[in-house]
There are 2 protein chains.
Amino acid sequence: MQNITDIIEAYLKQILHDEKKIEIKRQEIAERFDCVPSQINYVINTRFTIEKGYFVESKRGGGGYIRIQKIVILDSHDLLDEMSRWIGNDLTEQAAEDYLIRLVNEQLLTRREAIVVQSLLQKESLPMVLEDQRRMRAHLMQTLLKTIKRL
Amino acid sequence: MQNITDIIEAYLKQILHDEKKIEIKRQEIAERFDCVPSQINYVINTRFTIEKGYFVESKRGGGGYIRIQKIVILDSHDLLDEMSRWIGNDLTEQAAEDYLIRLVNEQLLTRREAIVVQSLLQKESLPMVLEDQRRMRAHLMQTLLKTIKRL
DNA sequence: CAAACAATAGTCAAAGATGGTCAGAGAGGT
DNA sequence: ACCTCTCTGACCATCTTTGACTATTGTTTG
């Protein structure tokens with residue numbers, strides 16, 4: 001626990017223990033711990049990933065920031081990971097619908113949400129050749145699964 | 001929230017919270033917040049866009065002004081049609097986000113639904129060249145608008 | 001009334017302020 | 001030695017701020 005990464009990680013997590021989310025300025029933190037700014041990116045990329053249950057947003061330019069939030073890890077994460085593996089990078093319209101129904105049954109999505117997503121994944125919404133369409137649909141579904149984790 | 005843009009934005013929106021429309025003098029506001037006049041144009045161009053639901057008029061010359069109004073569209077069906085027209089077949093990620101926020105504000109979508117859709121419309125979810133990406137995003141958003149009508 | 005002048009607002013490109021990426025160097029463990 | 005994790009810095013992307021120049025409208029003057 002002597003490397004800067006761990007120290008900064010501990011510092012941020014200690015704050016997150018009290019506050020639900022924190023907003024930092026990359027430069028400030030870098031100065032406080034006397035390291036280069038990109039070190040902060042390293043900390044965030046290795047310690048505050050979605051897999052570890054964190055959601056990070058940022059803005060560049062004047063008044064920029066990095067915001068970190070702890071997200072709730074559901075038991076259903078396993079299911080989501082499973083689905084992700086099943087889907088891979090190819091997904092038919094019918095299969096997509098089945099997955100969505102499953103997600104609704106597991107109460108990970110509401111019916112309305114499923115309808116919205118389904119409409120976006122139907123072939124009419126993906127104007128490209130069949131093969132690309134299925135790849136695209138799979139890609140979007142993968143995004144959805146990741147997003148559900150932080151809803 | 002320390003950059004002038006956000007501060008001026010908050011100031012104007014706070015007034016718009018009570019008044020239905022406001023009329024300002026660019027020079028006056030610039031003086032009050034100690035910035036150059038064109039800063040006010042920046043605030044307006046980035047924070048009071050049509051996507052965000054604002055309508056701005058102005059006049060130059062003696063007695064000139066900038067008038068900002070929140071657009072109220074009572075019938076949500078009309079709003080959806082309007083949006084559809086505004087979007088056409090080209091849509092940036094930022095504009096998409098602004099529209100989604102608007103839909104949430106109008107209670108046509110829930111926050112969760114907006115988050116899901118936003119994640120599907122972000123550039124990482126649309127792996128294609130920028131131009132196609134924007135067309136695709138517009139297409140998906142059009143589908144969404146149609147879907148909302150029958151929810 | 002037309003021409004000048006005054007009073008506003010708009011545009012745009014450059015500079016400033018942040019954060020992001022990535023490849024390579026460094027450090028620690030096996 | 002080799003492998004993995006950490007650290008660094010040069011370069012990139014994005015958002016904000018500024019100011020010189022332009023455009024439009026109102027007012028005064030010849």
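Numbers restart at 1 for each chain; the letters A, B, ... are given by sequence-line order, proteins then strands.
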Integer-rounded Å distance: dC15(D) P and Q27(A) CD: 20 Å
Rounded off to whole Å, could you give me the CD-to-P distance for the E23(A) and dT18(C) pair? 13 Å
Out of dG19(D), dG19(C), dT8(D), which nucleotide sits closest to the side chain of I4(A)? dT8(D)
Give the C-alpha distance, both sets of side-chain angles, the deciding distance and a yes or no for side chain to side chain contact (heavy atoms under 4.5 Å, CB included) between D90(A) and R135(A). CA-CA 5 Å; D90(A) 183 56; R135(A) 184 171 326 121; 5.8 Å; no
Of the listed nucleotides dT18(D), dG19(C), dT17(D), the one nearest the side chain of T5(B): dT17(D)
If you count every heavy atom of other residues, nucleotides or ligands that lies below 6.0 Å from N105(A) atom CG, does the total exceed 12? yes
Drop me the distance from K21(A)'s NZ to E57(A)'s CD, to the nearest 0.5 angstrom. 7.0 Å
Considering only heavy side-chain atoms of S58(A), the closest of dG20(C), dT11(C), dT8(D) is dG20(C)
Protein-proximity profile, nucleotides 24-30 of chain C, B/S/- by nucleotide at the 4.0 Å heavy-atom cutoff, equals -------
Give the rounded distance in Å between these two atoms: CD of E28(A) and P of dG19(C). 8 Å
Quick one: are W86(A) and Y99(A) in side-chain contact, heavy atoms under 4.5 Å? yes
In whole angstrom, give the distance that lies between atom CZ of F33(B) and atom P of dT16(D). 16 Å
Take the protein atom CD of E9(B) and the nucleotide atom C1' of dT17(D), then report the distance between them rounded to whole Å. 16 Å
Pairwise side-chain contact, Q39(B) with I29(B), heavy-atom cut-off 4.5 Å (strictly under): no
I'd like to know if K149(B) and D81(B) make a salt bridge, using a cut-off of under 4.0 Å between side-chain N and carboxylate O. yes
Measure the distance from CG on D6(B) to P on dA17(C) and round it to the nearest whole Å. 17 Å
Expressed as a whole number of angstroms, how long is the span from Q94(B):CD to dT16(D):P? 9 Å
Quick one, D6(A) and R47(A) - any side-chain contact, counting heavy atoms below 4.5 Å? yes
What verdict does the salt bridge (charged side-chain N to carboxylate O under 4.0 Å, His left out) test give for E113(B) and R112(A), after you've listed the backbone C-alpha separation in whole Å, the side-chain angles of each residue and the deciding distance to 0.1 Å? CA-CA 8 Å; E113(B) 285 159 3; R112(A) 266 176 59 111; 2.7 Å; yes
Of residues 38-50 of chain B, the positions that come close to DNA chain C - non-hydrogen atoms, cut-off under 4.0 Å: S38(B), N41(B)
Tell me the interatomic distance from I7(A), atom CD1, to dC5(D), atom P, rounded to whole angstroms. 19 Å
Can you tell me if CG on N45(A) sees more than 12 non-hydrogen neighbours from other groups inside 6.0 Å? yes
NZ of K25(A): more than 12 outside heavy atoms within 6.0 angstrom? yes
What is the per-nucleotide protein-contact pattern of nucleotides 25-30 of chain D, from the 5' end, where B denotes a base atom under 4.0 Å from a protein heavy atom, S denotes such proximity for sugar-phosphate atoms only, and - denotes neither? BS----
Is any side-chain heavy atom of I44(A) closer than 4.5 Å to a side-chain heavy atom of S58(A)? no
